[in-house]
Amino acid sequence: MSKRPWGYRTRSEKKEPHWDLHSQTHAVRTGIARSGFGETSEAMYLTSGFTYSSAEEAFDSFAEETDHYLYGRFHNPTIAMFEQRLAAIEGADSCVATGSGMSAMFASLACIVEQGDHVVASAAMFSSCHVVITEFLPKWGVTFELVKGNNPADWAKALSKTTKAVFIETPSNPLLDIVDIKMVSDLAHKVGATVIVDNVMASPVLQKPLTLGADVVMYSATKHIDGQGRVLAGAILGSGSYIQEKLLPFVRHSGPSLSPFNAWVLVKSLETMEMRVERMVSNAQVIAEFLEKQPSIKSVKYPGLKSHPEHKLAMKQMNGGGGTTIGIEFKGSQTDVFAFMNKLCVIDISNNLGDSKSLITHPASTTHRRLSPEVQSEMGITPSVLRLSVGLEHSSDLIKDIEQALAK
Ligand SMILES: *Cc1c(COP(=O)(O)O)cnc(C)c1O
């Protein structure tokens with residue numbers, strides 16, 4: 001629960017509640033910019049530009065003396081509804097929406113680093129994030145160091161006065177490594193670094209990095225926030241000063257804007273996100289426990305299982321939920337793993353995750369193909385590893401599906 005503005009209205013002014021609203025109430029109510037028609041559902045302002053009633057009003061608007069919308073690359077009322085709603089749920093001062101998770105990830109770092117700076121990141125990362133940190137930023141003179149695990153001495157050693165940003169992905173995609181957000185944030189702040197958390201895998205429902213000491217949170221809203229496989233989007237949340245002084249000048253002029261249509265889909269998705277994620281998590285827990293008992297499976301990596309090396313930490317920082325994604329290592333070869341995938345009749349083969357439909361992925365040949373074999377094996381991604389994103393189907397149908405596909 002956090003105190004946030006009740007949202008602005010252009011029509012009848014509704015009285016603001018005098019108590020702190022629960023995040024699920026924010027998810028349905030916050031950020032509504034009702035038009036003069038009094039529509040119940042949020043309006044979609046599908047416009048790239050805005051008009052002014054006079055030249056003076058345009059002058060004042062560009063001088064930032066009014067809050068008049070200027071241009072679609074900068075802002076839009078439907079996008080503002082999504083940003084305000086997500087900020088309220090996250091408990092953040094501000095939010096900026098972007099066209100994809102990767103544009104959010106890139107902008108969150110690019111707006112603060114410059115030549116000569118250093119970035120420290122957790123070693124297990126989504127492949128595109130890995131490419132940005134280890135290939136793109138170095139082209140512009142930004143050095144990096146990757147840290148594995150949760151040994152405070154290893155993190156302290158990597159951090160130095162030139163460390164401008166620390167980027168952590170927890171849980172990691174695809175093998176659900178857990179990074180201690182509070183421990184890393186405390187160490188990073190000692191050297192004055194900004195801590196950015198890729199919170200995609202946990203979603204805003206399970207994990208609130210800002211309350212654990214992180215400075216910035218980024219999302220691929222393509223995943224649990226839309227959660228129904230329809231639109232690509234991203235979001236960056238943080239303090240007013242980071243957003244206003246660093247991020248906005250960068251995104252306004254580099255242009256990773258979200259489409260108002262996609263923003264509208266996401267505004268409506270936020271209303272049901274908590275319920276969807278809770279059900280996906282309870283399904284995933286049941287399936288992970290089932291998978292762990294199967295003789296053809298070598299190991300199951302799921303933060304909700306006691307066998308996960310960071311189970312206790314995960315339960316503490318993820319609000320008691322293990323997440324919606326399971327890493328599975330089979331005893332067999334890639335051929336056996338492919339045969340298993342091909343026999344599934346409910347679960348789809350796909351490279352997406354966080355969807356209402358359960359999806360199975362072979363990371364080595366798809367999502368993480370771009371990484372070298374050495375980096376893949378450091379992350380534990382072998383040809384026998386699958387990632388299962390658990391959806392909203394009934395868990396017993398998912399188990400039956402896995403059971404029949406495992407049967408020789
Ligand atoms: C998918 C994903 C991203 C990138 O998001 P897009 O919306 O596909 O650009 C970043 N980080 C993690 C952990 C992801 O799973």
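Sequence positions, counted from 1, serve as the residue numbers for this chain. When a ligand or atom number is given, it counts from 1 through the structure's own listing order.
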Inset, instruction - For the pair Phe261 and Trp264, name the ring-plane relationship: parallel under 30°, tilted 30 to 60°, perpendicular over 60°. - result: tilted
Contact region, Met125 to ligand 1, non-hydrogen atoms below 4.0 Å, reads neither
A student checking ligand 1 against Met102 at a 4.0 Å heavy-atom cut-off should list atoms 4 (C), 5 (O), 6 (P), 9 (O)
Under 4.0 Å between a side-chain nitrogen and a carboxylate oxygen: does that hold for Glu271 and Arg85? yes
Any N/O pair Gly101/ligand 1 closer than 3.5 Å
yes
Heavy-atom proximity to atom 15 (O) of ligand 1, picking from Lys223, His130, Met105, points to Lys223
*Look only at the side chain of Asp117 and the backbone of Thr163, and say whether a donor-acceptor pair between them is shorter than 3.5 Å.*
no
- prompt: So, are Glu42 and Lys268 salt-bridged, with charged N and O less than 4.0 Å apart?
  reply: yes
Item to complete: Decide if atom CG of Asn342 counts as having more than 12 heavy atoms of other residues, nucleotides or ligands within a radius under 6.0 Å.
Response: yes
Atom 11 (N) of ligand 1 has as its nearest protein heavy atom Asp198 OD2, 2.7 Å
So the atoms of ligand 1 within less than 4.0 Å of a heavy atom of Glu169 turn out to be 13 (C)
